[in-house]
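As structure tokens, the structure follows; a few thoughts come after it.
First listed ligand is number 1; within each ligand, the first listed atom is number 1.
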Amino acid sequence: MTNIENIGEVICGIDLGTTNSCISYLREGKPFVVPVEGTSAIMPSVVSYDESAEIMIVGREALNRLAAFPNHTVRSIKRLMGKDTKVHLGKKTYTPEDVSSFILKMLVEKAANITGKTIKKAVITVPAYFDDAQRRATISAGELAGLEVLRIVNEPTAASLVYDYVTKEDDMNSPYILVYDLGGGTFDVSILEIKGEIKEVLASCGDTSLGGDDFDERLVGLFLRNIREKTGMDFSSDNRALHMRLKEIAERTKIILSDKPYTTVREASIIVIDGNPINLDIEIQRDEYEDMISDLVNKTIEKVNEALEEARLTIGDIGEVLLVGGTTRTPMVQQALSEIFDIPIYHSVDPDLCVSLGAAVQSGLITGEPLGHILLDVTSHSLGIKTADDFDEETMDPDHFSMIIRRNTKIPVRKADIYYSTYDNQDKVLIEVFQGESNSCKENTLIGKFIYELKPAPVYCPVVAEFSYDKEGIVHITMQQKGYNNSKDVTLDVRNREVKEKDASGDTRSVLNYIVEKYKKIVAKEGLPEDLKLELVKIGTAYERALRDGKDEDTIDDLETLLIEKMEEAEDVE
Ligand code: AMP
């Protein structure tokens, strides 16, 4: 067995991507990514030549030069790998292998700085569909960068290698894994079969011109329509600088919409017409954005079905679905997959990084480095709230679990969704927080509830529920009535099931006590019918006693539900 740390050498795993690249290495049996751009591990796969300084620029700085120096800058070189072609960077001419080698050299330099070790060997990943010429070109690029390429590994295989070392709750009972990889410019879906230590790619298909960039373009289209409405002018095809600025805004907007139910795009002076600056000021709802991208998501699902057909498998044969590529953070993508697969969808390892991490794991497998388990902080259950989108067939009570944070999401995480009031001047809502995987709250676990008072507003008033889950297992919930100065913060300890809420003074107190306090106030209310008062006291006393005696959670839950129902009944008495 070789301990690579001792021989002053580190073998790296490199994800040489179309849009972005990253590099990882093994330390004490665990893969780590190298920060290559400040603290970010992701480096744009862009190369630019500065003719005046006669230097090659790689990464974010090169990307920043793209608009100003398009003839000196090249991106997406991966698309040309294996082709007998040349690219021009100013007066210089390079092969695709040369350009890729500049990217590799930069990554290796950064890794050498971080590890303090020489890097001479690497494992490099390629898409499963790469043919022989494309694979050979990738090896040449590595050699031109001064590397010995120990192995070329398929990207989905690399991604699945990371998951082998992640501690998982579920034991997979099928040897088939589906890897869904939706990046910036490409989409790949692969089906792997595990045969002992070996992973075989059974099917691989995709679309080399489908990815997050297309999602951005849909938003750019919306912005252009907005500008046209304001100015009567159409900028759709020309004006490259405007297009680049809009694309940047679109990407930012898209990323916000992955976590929030709506966002407002406010950009001053997007274009100046006859001396008048035109601003962008649009509110976009996630639903609206999802309508714009649904055909793109559906296209990927068609490819999933094609891959299954090619592998002669059905949906039920797949034991695990792994998500790779930044665009898989889009909730609609995860939703579409969880609608067709009734199994865990793994996206707990950072989808941008797992291919390079897996390549580092592969380097350890080659050198015999003992590999440790990767411990991830992930949510073990989905978290959400009860809504009236569905009803219990027996009792006709509302019973729909509206998920806000999906199971297996890496923590810390912050997610929000939007809900609506159900009648005019609704004065409060009971927020019941559940964890579990069923669409029915009855089958999930209630982990806390609280009342959120609403300001008078017409029916269908939007209310945003934002959940942020930290590493200690604490969920902070912020309720916000949109358009009204009315927010409420509640803290919920998922592990100890204690609910605390912050009042206006910023003090924290237990919701349980809050319910008791509220019940006492209601009992003291004048004009309450005697029988209702008696019932209220009976349940309230039992509830207080159960809390004091530390009764089991189910008993407390049942009494609490009864008490809240009675309190609501009493509150309705004029
Ligand atoms: P990759 O090629 O895997 O690095 O993926 C890059 C793509 O992921 C780009 O189109 C990004 O805009 C997109 N992306 C990154 N983060 C998010 C996010 N939170 N939600 C949606 N798309 C994202």
Considering the heavy atoms of [X], write down every atom of ligand 1 situated less than 4.0 Å from one of them.
X: G212; value: 10 (O)
X: G325; value: 3 (O)
X: T330; value: 21 (C)
X: E251; value: 9 (C), 11 (C), 12 (O)
X: I255; value: 16 (N), 17 (C), 18 (C), 19 (N), 23 (C)
X: S258; value: 18 (C), 19 (N), 20 (N), 21 (C)

Q) What is the closest protein heavy atom to atom 4 (O) of ligand 1, and at what distance does it sit? A)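 Sorting protein heavy atoms by distance from atom 4 (O) of ligand 1 puts N20 ND2, 3.0 Å first.
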Q: May I ask you to identify the nearest protein heavy atom to atom 16 (N) of ligand 1, giving residue, atom name and distance to one decimal place in Å?
A: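 Checked against all protein heavy atoms, atom 16 (N) of ligand 1 sits closest to R329 NH1, 3.2 Å.
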**Q.** The one among T19, T327, T186 that brings a heavy atom closest to atom 7 (C) of ligand 1
**A.**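 Selected option, by shortest heavy-atom distance: T327.
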Q: Tell me which one of G326, G184, A250 gets a heavy atom nearest to atom 8 (O) of ligand 1.
A: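 Among G326, G184, A250, the closest heavy atom to atom 8 (O) of ligand 1 belongs to G326.
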Do the numbers put [X] on top of the ring of [Y], so that NZ or CZ is under 6.0 Å from the six-membered ring centre and no more than 45° off the axis?
X: R135; Y: F130; answer: no
X: K482; Y: Y262; answer: yes
X: R286; Y: Y289; answer: no

Extract all donor-acceptor atom pairs below 3.5 Å that involve side chains of residues 183-192 and protein atoms in other chains or at least two apart in sequence.
none

Q) Okay, side chain of S76, backbone of R79: is any donor-acceptor separation there less than 3.5 Å? A)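 The answer is no, because no donor-acceptor pair under 3.5 Å joins these two groups.
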Q. Judged by atom type as modelled, is there a donor-acceptor pair below 3.5 Å linking the side chain of T73 to the main-chain atoms of P70?
A.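 Answer holds: no.
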Q. Is the shortest N/O to N/O distance between D216 and ligand 1 below 3.5 Å?
A.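 Checking ligand 1 against D216, no N or O pair falls under 3.5 Å apart.
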Q) Considering residues at least two apart in sequence or located in another chain, which fulfil the side-chain contact (heavy atoms from CB on, under 4.5 Å) criterion with I366? A)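 Here the qualifying residues are V123, L150, R151, Q362.
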Q) Is the shortest side-chain N to carboxylate O distance from E306 to K303 below 4.0 Å? A)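 Answer for the salt bridge query: yes.
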